[in-house]
Amino acid sequence: MNALIAALAVILAAVVALTVQGGAGAVVLCVVVAVPAGVAIARVREHRTFLLQIFVGGLLVRMLIGTLIYGLGLQNFFGGDALTYDILGHSLTQSLRGNQVATLYLKEWAAASGGGWGMTYFVGVIYLVLGRNMLAVQFFNAVLGAATAAIIFLCAWQIFRNQRVAKLAAFGVAFYPSLVLWSSQGLKDAPIVFLLALAMLATLELGERLSVKYAAVLLLALASIMTLRFYVFYMLVAAIGGAFLVGMRPQGTRGLIRQIAVVVALGLSLTYLGVLRNAGTQLERYGNLEAVQRSRADLAGRANSGFGEDVDVSTTEGAISFIPIGLVYLLFAPFPWQVANLRQSIAIPEMLIWWGSFPMLAIGLWFTFKFRLRQALPILLFTGMLTLAYSLFQGNIGTAYRQRAQLLVFYFIFVAAGAVLLKERQEDRRREGVAKKQAAVENWRTAQARRRYEAWRQKQEKQIEAVARDISERIKF
């Protein structure tokens, strides 16, 4: 298996480098980023082989899809934002070289967007090193997407301590079609999902023991998410803080002191970084139902994939009444009867897989709430808040389908738990059935032996009686 994966990696890298414009630079960047990621993954000695295989396999799939999208010019078809980030990243390089027009364009965009500048710098740095190369950005994202599968494995392992659950969750993240698609393009979905998974892993590790390394990883992930999608950052901070305050493990005095120390350090670090100072401004501008209604109405009015255009969520009553409808669309759309074009029809096969997996998600969540609530608390809090927020915020099927990726990576942990639980129950029933059959066979054999013994005993008794009669008759004679 390892030799086959290595051969495929060499062949794909060679084909891309030799046949695609900018392919050589993209492959070099991919190798430069993937090798340290692979070394970090290999440090997990107990599961090293599986994690490296899932990482490289996921990376190759993403490289292939990314190359096809780039080579065929399908960026606008699958994710038009990639073209926007390409323009912004190129404008940043031009601005740094003294181009005043590019500088003015970036300032106007920043004023209009209100945030999310991290992706511009992410693309711009790559362009400064390699030149304007969208494929290089896609391959960088491919590494992040593949590495996310390994991180989710570790998160699932921390919660359930079950290798089958962790492997199944990692496999789903590595190869689920939409997760592959969004992390194969020059979109900010891949960095966001990677950073969310990394932040959750660091949180789970800190719940076990105080670690400077994981504290630094958590702060770096939070700061990076802040530059990409600020409202996700606030939900993540709330979930992490709440999990530490409640406690992810039964705690003694030492554990309680550790958790308080983590919360205090997190608060001081965020204050130092200026996050709390900016929070007031951002929440005042975006953190109200009127702003949510404006954004939602804009999404609902786009193309033919909007829904609930007549809904008003600017009031508390309206927001609460719409959440169930938004939740259904967020979790299950697009529906077959809503397919209006090729792009939407492509999503139907994977939606069938997801709909079929939902009962396992419910079972996995039930099991987690009953037996692993403390261990899974940060992930449950974050996914719960983000699910409700997107249910209220989203008004477009396409956007909901895309942003569902931020939730799927964590949902798959519980889907895997439910699937393994069902599998183990089936195996238990099968073992019980086999045991019952074996017991029945043993009972039959025992009965047969008893019957044979009774027949032999009766035969012996008859023979003894016959001999006794014969002896008695001879004595009389």
Side-chain angles (χ1 to χ4, degrees), residues 20-33 66 69-71 73-145 182-195 219-234 270 272-275 277-282 284-286 291 295 298 399 402:
V20 180
Q21 183 179 2
V27 169
V28 170
L29 178 65
C30 183
V31 172
V32 168
V33 179
I69 292 174
Y70 177 79
L74 298 175
Q75 292 91 343
N76 197 48
F77 180 81
F78 285 112
D81 287 351
L83 299 175
T84 301
Y85 297 133
D86 169 64
I87 295 172
L88 291 171
H90 179 65
S91 298
L92 178 61
T93 62
Q94 297 301 307
S95 176
L96 293 175
R97 290 167 181 157
N99 188 318
Q100 297 301 315
V101 175
T103 302
L104 181 61
Y105 172 76
L106 288 173
K107 289 181 178 179
E108 292 177 349
W109 176 84
S113 65
W117 51 268
M119 192 63 185
T120 300
Y121 281 85
F122 170 66
V123 176
V125 168
I126 294 176
Y127 284 6
L128 281 173
V129 177
L130 298 176
R132 192 173 186 177
N133 189 333
M134 288 185 67
L135 186 61
V137 178
Q138 292 177 249
F139 279 9
F140 194 107
N141 279 348
V143 176
L144 297 181
W182 303 131
S183 57
S184 301
Q185 303 180 70
L187 304 169
K188 62 181 179 181
D189 299 66
I192 289 174
V193 172
F194 170 80
L195 291 168
L219 288 174
L220 180 61
L222 289 173
S224 301
I225 291 172
M226 182 67 180
T227 70
L228 294 169
R229 194 160 283 162
F230 73 90
Y231 58 85
V232 173
F233 163 84
Y234 292 118
L270 295 178
Y272 177 77
L273 294 173
V275 171
R277 183 178 63 252
N278 297 329
T281 303
Q282 290 176 328
E284 182 179 352
R285 182 176 178 181
Y286 300 103
S295 179
D298 178 63
T399 307
R402 175 176 161 185

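Source: prediction; values computed, not measured.
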For [X], what residues pass the side chain to side chain donor-acceptor pair (under 3.5 Å) criterion, not counting sequence neighbours?
X	value
Ser95	Thr103
Tyr105	none
Asn99	none
Asp189	Arg402

Flag, side chain of [X] to backbone of [Y], donor-acceptor distance under 3.5 Å:
X	Y	value
Gln138	Gly186	no
Asn141	Leu187	yes
Tyr127	Val137	no
Asn133	Gly22	yes

**Report entry** Qualifying salt bridge (charged side-chain N to carboxylate O under 4.0 Å, His left out) pairs, either residue in residues 87-107, two or more places apart
**Finding:**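 Qualifying pairs, neighbours excluded: none.
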
Pairwise side-chain contact, [X] with [Y], heavy-atom cut-off 4.5 Å (strictly under):
X	Y	result
Phe139	Leu29	no
Ile87	Arg132	yes
Leu135	Gln21	no

Out of curiosity, [X] [atom1] to [Y] [atom2], how far, rounded to the nearest 0.5 Å?
X	Y	atom1	atom2	result
Thr93	Leu88	OG1	CG	11.0 Å
Asp81	Trp182	CG	CH2	9.5 Å
Leu195	Phe233	CG	CZ	12.0 Å
Thr120	Lys188	OG1	NZ	8.5 Å
Leu144	Ile192	CG	CD1	11.5 Å
Gln185	Phe77	CD	CZ	10.5 Å

Query raised in the report: What residues form a ring pair (Phe, Tyr, Trp, His ring centres under 6.0 Å) with Tyr121, not counting sequence neighbours?
Result: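 Tyr121 satisfies ring pair (Phe, Tyr, Trp, His ring centres under 6.0 Å) with Trp117 once adjacent residues are dropped.
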
